[in-house]
Amino acid sequence: MAEKKEVQFENIKNLGALLKENGMAALLEKLKSSEESLAAVRKSLAEKAKALTEARLEREKEEREAEARAAEAAEAAAKAEAAAPESVPEPAPEPPVQPAPAEEPASAAPVKHEEPAAQELPAEEPAREQPAPAQQSETGREPARDGARENHRDAGARGREGARRDAPREPRRDRDSRPPRQGQTAQGLGNRPVRPGQGPQARPNGPRPQGGAPRPLKPFEAARPAAPAPAKPAPKKKDKAFEEKKSISKRALVKQQVTVADFDENKTGYRKLRPAKKQKQVQNEQFVKIEHAVITSEVIPLKVLSEKLGISAIEITKRLFKEGIMKTINDSIDFDTAEYIASDLGITLELKLEKTAEDVLADAFGEEEEDPSKLVKRPPVVTVMGHVDHGKTSLLDRIRKTNVTAGEAGGITQHIGAYQVTVGGKTITFLDTPGHAAFTAMRMRGAQATDIAVIVIAADDGVMPQTREHLAILSLLGIKNGLTVINKIDLVDEEMLEMAVDDAKSLLAGTFLSDKPVIPVSAFTGKGIEELKRALQQMTEKAGAKSRKGAFFLPVDRAFHISGFGTVVTGTAINGEIHEGDEVEVMPRGILSKVRSIQVHGASVSTATAGQRVAANLAGISLDDVKRGDVVTAKDCFTASKCLDVSVRLLPGAEPLKHWQRLRLHVGTTDTVARVSLLDREQVLPGESSAAQLITEDPVVASVDSCFILRTYSPLVTVAGGKILMPAGERPKNRQMKAALLEYLDKLSEEPPLKERLLALISYRGIITAADAARMNEVSLVELMRAVSPFEARAEVGVIRGGEAVLLSKRKIEELGETLTKALALFHGEHPERKGMPAEECAKVLDLQETKFTRELLSLFEKQGIVKFADDRARLADFEPFDEELFSANVAALKKYTIQLGYSMPSIEEAQAALSFTAEEMKRIIAYLKEKKELALITGAFLLFPEIEADFKEKLTNISGDITLAAVRDATGSSRKYALPLLEYFDSKGVTRRVGDKRILIKK
């Protein structure tokens, strides 16, 4: 586990070094170069893919051309083979008039001529039904030939069908009509005469027609002995199938939705369409009903939502339209709308936001809750306090078996002494604090990290003033465990000892030590020392482990120089832990340094944790840069301030604490002067507590929940103390802010967890940077953003991440949103033609300094549905803007059209009709031009622009003679319809004055 944590902290250090040494810029440059290389690779791959696609298309084109050429060649070869038997001369040279010799070659000719035809037929018609092998004739002729011979009676009819299918088959009619040769009879048929169409003249002289019609019998075939009649195929069925294949065109195939898969392997015919099978497949599909879906963003694109809900995006748009929401499939909707749509479908929609970058980084730092791995066992700290010369150091010498007292000046402790002693096999750290009144501040520094307090009272002196003050300091610092030691019992008798014990118990009544042991001892003789050790051992066993959580905080109580090493600071670590090589900050001056080495009680270590006495050797810093009262802290986690928000408690025996009273403040190792600003009263009475602010004269660095002591300035008497609630406060400027501050401090006084502290801070400040909030709560920025994320998801806090992250309270967002919506309403009323208010103007309205921050804020408002923000302009959510460029173009078109008409001024209706404007567009244009005083409406609703008005005035001055209606009409080239409204308009403006039927110019 320790190795794992060490790796985690090593990662943190590496991340810090990366951020400090501007390594982020180099990393971004590398990423940019990688993106450019990736873009080049993508471009190269795209070009190669394009080249491969072009090559594939070219190859497919060549293959199709080759297949077409092969098909043409096969068709030509088939035609040549079909024509070959017709062109080969008969083997018998005898003339045809001699019938006897003609019969000799007839027996051989069919064999020669039938072989090619028999080989060709399967290639042409593979789909035809083939007769059984038993149907072959004696001469080896195929059944198809015999079938054709059997069907010779229908040759004429089939020839006519072939003529309708294919034009080249028309010569069959000539072949059928040719008469048989003279003297030739049908062999094997008795004396039956040859039928028409079976004679030798029936064969055409041209090439054999292509098609499926049976070939008519030749005369020599008919003269042969009849072979056994084969089984007669069903010609109608075969002809029908043949006609179906040949009659289907490309358009018919497309209409029937025939694809390549519907054809057989030889591509010579197509299979039957199988819509029933496809429907069956659809019916067999199993649909799973969606009952629950998870959305990972608050704004969901409709396409993504359709996949989640299992319906089409178009169906979602229809449902939105029914609800009055106009969306396209490329738009997005918010989660509430999506949840409503899902509920209609009976689907539960759940929102699970994806982890942000801060959340991913935060996982490496563990959870907010206290983890046992965050606790470190350390020796408990026992702080010994008491009046000067009551034997505190002597008591520790007896326990440690040393003689520190002999080396002290005058026997008085002037510095804090830290010692580790093994008691009962367990190590205990003892802090020896000065008892003299002059060392009160140092005594307080030793009490800061106390687990167990030991009050030492001398039996011969009894309770002294410093004893009372020490007890008051321990009470104000919140110490809860301890005991009382009556020392020097060897100097008194039993009666005196009893009086000393009674005196001590009277002092302790009502304090945290009232029910704790009172142990008489003698540091000189050693009497009671073993009993004291046993009591301390029992108390230390109950002391819990100290948390390492939080930013490192070490108040400096000593700073000195060691030759060869440099500056060394010592103190008691209050929070967190420190490692060798860590970067630290010396506050309040903010001087950066690095930890060279660490010692804890004289032993060199690599890590020191809260509660330990630490000596740290700092690099790059001189002894003049650090002094007692400074604080060594983790970098960028603390802020120096002159205003501390506190809860102050006045001691019962003190004088009332007045508002703005000047007191001495002791916090950590800091000793300064401060004034107490009471927030809800004029004074605090003895024993009472109140929220207040400490206004210091010097900057102070303090930790949250640190305790402080207030002493009167003169004389130096402890009167009050308390706890720091917020180490970096702000003075309230009015009563309203003061009331908000009191409410905020009341919440902090309850010691809430980090998340509630943050929410209270953001609610109080309204708007605060994430870095400031992290420093005020002494956490890293990662821990802060992790704690804020639940509030952001519930819209209780707004987060703006553009540049430096800024946090806004819900109330602040509502106030800014209300201010902005009022300003936008006025803006839309004054400028209805504009798309919206520019971001720069919005920044002025909201009293924000940075326009970039304003843009991010407007984007946040848009997510929350307050406004619409696009094209760097904000508008109300229900405002429908129109195209500003189109509006300007329409204004220019109206002006140009009207000026071109000159004194034949158009009316509003005429201009609207001529320019095809809508009534709303015309209304906006007229209002816009009138507001800018670039248009006047005169009698008759005529449009008058300043250019026409100026020209008309000039023409009036140039009229020689009286200015009459006729003269004006002639001067302008217009009619009475336009001239009279112009004159009346000029009369109303005071340019002219009517006198009878004339007008005179008024000189101004």
Could you pull out all donor-acceptor pairs under 3.5 Å where a side-chain atom in residues 28-36 meets a protein atom, sequence neighbours excluded?
unit_1	atom_1	unit_2	atom_2	d
Ser33	OG	Glu29	O	3.4
Ser33	OG	Lys30	O	2.7
Ser34	OG	Lys30	O	2.9

So Phe321 and Thr317, side-chain contact (heavy atoms from CB on, under 4.5 Å) or not? Walk me through it. CA-CA 6 Å; Phe321 181 76; Thr317 58; over 6 Å; no
On a heavy-atom basis, the closest approach of Glu730 and Tyr764 is O-OH, 4.1 Å
Quick one: are Leu824 and Val845 in side-chain contact, heavy atoms under 4.5 Å? no
Check salt bridge (Lys or Arg N to Asp or Glu O under 4.0 Å) between Arg811 and all other residues, then give those that pass, not counting sequence neighbours. none
Applying salt bridge (Lys or Arg N to Asp or Glu O under 4.0 Å), name anything that partners Lys932, two or more places apart in sequence or on another chain. Glu934
Can a donor-acceptor pair be found, under 3.5 Å and without considering hydrogens, that links the side chain of Glu910 to the backbone of Ser907? yes
Is any side-chain heavy atom of Thr819 less than 4.5 Å from a side-chain heavy atom of Asp847? no
Verdict with reasoning, Leu944 to Leu982, per side-chain contact (heavy atoms from CB on, under 4.5 Å): CA-CA 9 Å; Leu944 177 63; Leu982 281 171; 4.0 Å; yes
Within a radius of less than 6.0 Å around CD1 of Ile314, do more than 12 heavy atoms belonging to other residues, nucleotides or ligands occur? no
Compare all side-chain heavy atoms of Asp331 with those of Thr328 and state whether any distance is below 4.5 angstrom. yes
Arg875 side chain vs Gly836 backbone, donor-acceptor pair below 3.5 Å: no
Measuring from Glu814:CD to Thr821:OG1, what's the distance to the nearest 0.5 Å? 11.5 Å
Working to the nearest 0.5 Å, report the span between CD1 of Ile925 and CD1 of Ile908. 11.5 Å
According to ring pair (Phe, Tyr, Trp, His ring centres under 6.0 Å), does anything in residues 972-992 pair up with another residue at least two apart or in another chain? List the pairs. Phe942-Tyr978, Phe952-Phe986
Using every non-hydrogen atom in the two residues, find where Ala773 and Leu758 come nearest and quote the distance to one decimal. O-CD2, 4.4 Å
Is the backbone of Phe879 close enough, under 3.5 Å, to the side chain of His828 for a donor and an acceptor to pair up by distance? no
Which heavy atom in Arg855 sits nearest to a heavy atom in Ala839, and how many Å separate them? CG-CB, 3.9 Å
Donor-acceptor pairs are to be reported for all side-chain atoms of residues 889-896 against protein atoms at under 3.5 Å, with residues two or more places apart or in another chain.
unit_1	atom_1	unit_2	atom_2	d
Asn890	ND2	Leu886	O	3.4
Lys895	NZ	Glu947	OE2	3.3

Would you mind checking if Lys953 and Glu949 are paired as a salt bridge, meaning a charged N to carboxylate O distance below 4.0 Å? no
Going through the checks in order, is the side-chain contact (heavy atoms from CB on, under 4.5 Å) test met by Arg765 and Asp772? CA-CA 11 Å; Arg765 288 291 186 92; Asp772 288 344; 5.8 Å; no
Quick one: do the Glu783 and Ser780 side chains pair a donor with an acceptor below 3.5 Å? yes
Between CD1 of Ile948 and OG1 of Thr972, what distance do you get to the nearest 0.5 Å? 10.5 Å
CG (Leu349) and CG (Leu309) are apart, to the nearest 0.5 Å, by 6.5 Å
Identify the heavy atoms of Ile762 and Val788 that sit nearest to each other, and give their distance. CD1-CG2, 4.4 Å
Assess whether atom OH of Tyr340 is packed by more than 12 heavy atoms of other residues, nucleotides or ligands within 6.0 Å. no
Val299 and Ser332: which non-hydrogen atoms are nearest, and at how many Å? CG1-CB, 3.6 Å
CG of Leu807 to CZ of Arg801, rounded to nearest 0.5 Å, is 9.0 Å
Do Ile300 and Lys308 make a side-chain contact, defined as non-hydrogen atoms from C-beta onward lying under 4.5 Å apart? no
Asn734 side-chain N/O to Gln736 backbone N/O, donor-acceptor pair under 3.5 Å: yes
Validation row: Glu818, Ile866 side chains within 4.5 angstrom (heavy atoms): no
Pair Lys852-Glu850, salt bridge (Lys or Arg N to Asp or Glu O under 4.0 Å): steps then yes or no: CA-CA 5 Å; Lys852 182 178 179 181; Glu850 296 184 5; over 6 Å; no
Is a side-chain N or O of Ser44 found less than 3.5 angstrom from the main chain of Val41, in a donor-acceptor match? no
Mind checking whether Lys642 and Arg731 have side chains closer than 4.5 Å, heavy atoms only? no
Would you say the side-chain atoms of Glu315 pair up with the backbone N or O of Ser312, donor to acceptor, closer than 3.5 Å? no
Heavy-atom pair with the smallest gap, counting every atom of Leu784 and Ala770: CD2-O, 3.2 Å
For the CZ atom on Arg735, are there more than 12 heavy atoms of other groups (residues, nucleotides or ligands in this structure) within a distance under 6.0 Å? no
Atom OH of Tyr744 and atom CG of Leu761: how far apart are they, to the nearest 0.5 Å? 4.0 Å
Are more than 12 heavy atoms from other residues, nucleotides or ligands located less than 6.0 Å from atom CG of Asp871? no
Working note: Val797 + Leu808, criterion side-chain contact (heavy atoms from CB on, under 4.5 Å); need CA distance, chi angles, decisive distance, verdict. CA-CA 6 Å; Val797 172; Leu808 295 95; over 6 Å; no
Would you check if Lys61 and Leu57 make a side-chain contact, meaning some heavy-atom pair closer than 4.5 Å? no
Met905 side chain reached by Ile938 side chain, heavy atoms, under 4.5 Å: yes
All N/O donor-acceptor pairs, side-chain side in residues 955-968, below 3.5 Å, sequence neighbours left out:
unit_1	atom_1	unit_2	atom_2	d
Thr957	OG1	Glu954	O	2.5
Asn958	ND2	Glu954	O	3.1
Asp962	OD2	Lys998	NZ	2.7
Thr964	OG1	Ala967	N	3.2

